[in-house]
Amino acid sequence: GIVIGLLLYNLILFIGLRDRNYFWYVIYCFWALVASFVVSGYGLLLPGGPLPAINDSAEGAALTLSGAALLQFIIRVLDVAHTLPRHYLPLRVLQLGWLLSAAMFLWRPAETGNLAHFPSVGVVLYVYVVVLFGVQKRLPGAIQLLIGLTALFGGAVWMLGFNSGLVDWSRPQAYAY
């Protein structure tokens, strides 16, 4: 629900303000929403019916495409080409890695496995460093990006811990009541 709200709100801002930054955030929200539907099992309800193989490839492709769109959003918000020119080319290379990962998931999802997520590690670490440089240079929006990325990456680490069995979900639930 929250992602749909963010998508619609930023779509309205994009249409009203014609600011391309909002366009890339809308694309990010769209792919994050697709990934969320597929991961939660609602992907099977999408047109095409119960096709688990398509949903497996859609999960990886949607996650990597959302990452590539988020990276484009960050590049544009920080105006990396002009404000942090040394980091522009490496960010583009990492973005290309994510786009190639999405293609790998769509082309051969079974063989791709964790290999397609490899660029994610580099993107996460490098983007964080670039945003920290943006904060150091007092670039507009850098602090907000740092806060948002910290929340996003914190949630991703939590989910990785949960999915790998390192985080026991029953304990927080037991104390929630």
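Side chains included, hydrogens not; waters and symmetry mates left out as well; all remaining heavy atoms used.
- The shortest heavy-atom contact between Gly134 and Ala142 is C-CB, 3.5 Å.
- Atom-to-atom distance recorded for Ile12:CD1 and Leu17:CG is 11.0 Å, nearest 0.5 angstrom.
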Exercise. Could you go step by step and tell me if Leu65 and Phe30 meet the side chain to side chain contact (heavy atoms under 4.5 Å, CB included) rule?
Worked result: CA-CA 10 Å; Leu65 287 171; Phe30 171 77; over 6 Å; no
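- Residues satisfying the ring pair (Phe, Tyr, Trp, His ring centres under 6.0 Å) criterion with Tyr28, sequence neighbours excluded, are Tyr25.
- Taken from CG in Leu94 to CG in Leu89, the straight-line distance is 9.5 Å, to the nearest 0.5 Å.
- Contact between Ser66 and Leu63 at its shortest, heavy atoms only, is OG-O, 2.8 Å.
- Nearest heavy atom pair, residue Thr83 against residue Lys137, reads O-NZ, 2.8 Å.
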Exercise. Given the rule in the side chain to side chain contact (heavy atoms under 4.5 Å, CB included) test, do Leu146 and Tyr128 qualify, once you have shown the distances and angles that lead to the verdict?
Worked result: CA-CA 7 Å; Leu146 185 64; Tyr128 222 76; 3.9 Å; yes
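- Taking CG from Asp19 and CZ from Arg76, the interatomic distance works out to 7.5 Å, rounded to the nearest 0.5 Å.
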For this session: For the pair Ile74 and Leu149, evaluate side chain to side chain contact (heavy atoms under 4.5 Å, CB included) and give the outcome as yes or no after the intermediate values.
Result: CA-CA 10 Å; Ile74 291 168; Leu149 288 175; 3.9 Å; yes
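- For the ring pair (Phe, Tyr, Trp, His ring centres under 6.0 Å) test, no residue two or more places apart in sequence or in another chain qualifies with Tyr9.
- Grouping the Ile, Leu, Val, Met, Phe, Trp and Tyr side chains by contacts below 4.5 angstrom, directly or via other members, places Trp98 apart from Leu96.
- In terms of heavy-atom proximity, Leu78 sits nearest to Pro140 at CD2-O, 4.3 Å.
- Looking at Ser36, its side chain never comes within 3.5 Å of a backbone N or O of Ala32 through a donor-acceptor pair.
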Problem set entry | Test side chain to side chain contact (heavy atoms under 4.5 Å, CB included) applied to Leu11 and Ile15, step by step | CA-CA 6 Å; Leu11 182 62; Ile15 291 169; 4.1 Å; yes
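- Residues Leu152 and Leu71 are members of one and the same hydrophobic cluster, defined by side-chain heavy-atom contacts under 4.5 angstrom among Ile, Leu, Val, Met, Phe, Trp and Tyr.
- Smallest separation of non-hydrogen atoms from Leu6 and Cys29: CB-SG, 3.9 Å.
- To the nearest 0.5 Å, atom CG of residue Asp79 and atom CG of residue Leu139 are 8.5 Å apart.
- Linking Ile, Leu, Val, Met, Phe, Trp and Tyr whenever their side-chain heavy atoms come within less than 4.5 Å leaves Tyr126 and Val93 in two separate clusters.
- The neighbour count for Ile143 CD1, taken as heavy atoms of other residues, nucleotides or ligands under 6.0 Å away, does not exceed 12.
- One finds the CD atom of Gln72 at 10.5 Å from the CD1 atom of Ile27 (value rounded to the nearest 0.5 Å).
- To the nearest 0.5 angstrom, Leu91 atom CG is 8.5 Å from Leu84 atom CG.
- Using a 4.5 Å heavy-atom cutoff, the side chains of Ile75 and Gln95 are in contact.
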